[in-house]
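Notes follow the structure.
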Amino acid sequence: MIDIIWTTHLKERARERGIDPALVNRAIRFPDKVEASRTTSARKHIKIIGKNQIVATVKREGNNWIVTSVWSKPYSGPAAKRPLLERLIYRFVLWLEKIVRARFKL
């Protein structure tokens with residue numbers, strides 16, 4: 001089982017930047033894209049949510065994922081212009097995930 005460790009810096013940045021911890025968690029666990037960081041050995045977990053891109057920096061140490069920072073930036077790429085049906089399905093999947101997490105306390 002993977003343990004996600006939130007650093008104090010991460011908690012401060014999420015609070016300062018008004019980013020919901022649930023969105024940070026979703027970006028870490030279910031990223032749309034993972035990129036290597038140019039400056040550190042960390043990886044950037046990127047999740048597109050609506051018209052925003054949530055980016056969390058994650059260092060992997062064994063079974064632990066240490067999350068050091070998070071930020072959000074506007075996104076206007078192809079996913080921001082998804083067809084209506086695709087957006088509805090995406091929202092349904094997120095709703096279903098919420099129900100499953102609550103039911104099984106994940």
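Worth knowing before you read on, the calculation uses all heavy atoms, side chains too, and leaves out hydrogens, waters and symmetry mates.
Distance alone, capped at 3.5 Å, places no donor-acceptor pair between the Thr57 side chain and the Ala42 backbone. Here the side chain of Asp32 pairs a donor or acceptor atom with the backbone of Ile48 at under 3.5 angstrom. Remark: side-chain polar atoms of Arg17 are not paired, donor with acceptor, to backbone N or O of Ser72 under 3.5 angstrom.
The two atoms that bring Val58 and His45 nearest to each other are CG2-CD2, 3.7 Å, heavy atoms only.
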query: Can Ser69 and His9 be said to form a side chain to side chain contact (heavy atoms under 4.5 Å, CB included), step by step?
result: CA-CA 7 Å; Ser69 192; His9 179 80; 3.8 Å; yes

field: Stepwise side chain to side chain contact (heavy atoms under 4.5 Å, CB included) check, Trp65 with Ile5
entry: CA-CA 6 Å; Trp65 289 6; Ile5 300 168; over 6 Å; no

query: Are Leu94 and Glu97 close enough, and set up right, to give a side chain to side chain contact (heavy atoms under 4.5 Å, CB included), and what steps lead you there?
result: CA-CA 5 Å; Leu94 292 179; Glu97 175 189 354; 3.9 Å; yes

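The hydrophobic cluster containing Phe92 also includes Trp95, Leu96, Ile99, under a criterion of side-chain heavy atoms closer than 4.5 Å among ILVMFWY residues, counted directly or through chains of members. Cluster partners of Val55 are Ile46, Trp71, counting Ile, Leu, Val, Met, Phe, Trp and Tyr whose side-chain heavy atoms approach within less than 4.5 Å, directly or via other members.
Under the salt bridge (charged side-chain N to carboxylate O under 4.0 Å, His left out) criterion, Glu16 pairs with Arg13, not counting sequence neighbours.
Between Lys51 and Tyr75, every side-chain heavy-atom pair lies at or beyond the 4.5 Å cut-off. When side chains are defined from C-beta on, Asn25 does not count as touching Phe30, because their heavy atoms never get closer than 4.5 Å. The side-chain heavy atoms of Thr7 and Ile66, taken from C-beta on, include a pair separated by under 4.5 Å. Within the 4.5 Å cutoff, the side chain of Glu12 has heavy atoms near those of the Thr8 side chain.
For the 3.5 Å distance criterion, the side chains of Arg60 and Asn64 fail to qualify, holding no donor opposite an acceptor.
Rounding to the nearest 0.5 Å gives a distance of 5.0 Å between CD1 of Ile28 and CD1 of Ile4. From Arg26, atom CZ reaches atom NZ of Lys47 across 7.0 Å, with rounding to the nearest 0.5 Å. In this structure, NZ on Lys59 lies 4.5 Å from OG on Ser41, to the nearest 0.5 angstrom.
Salt bridge present: Glu35 and Lys33 bring a charged side-chain N and a carboxylate O closer than 4.0 Å.
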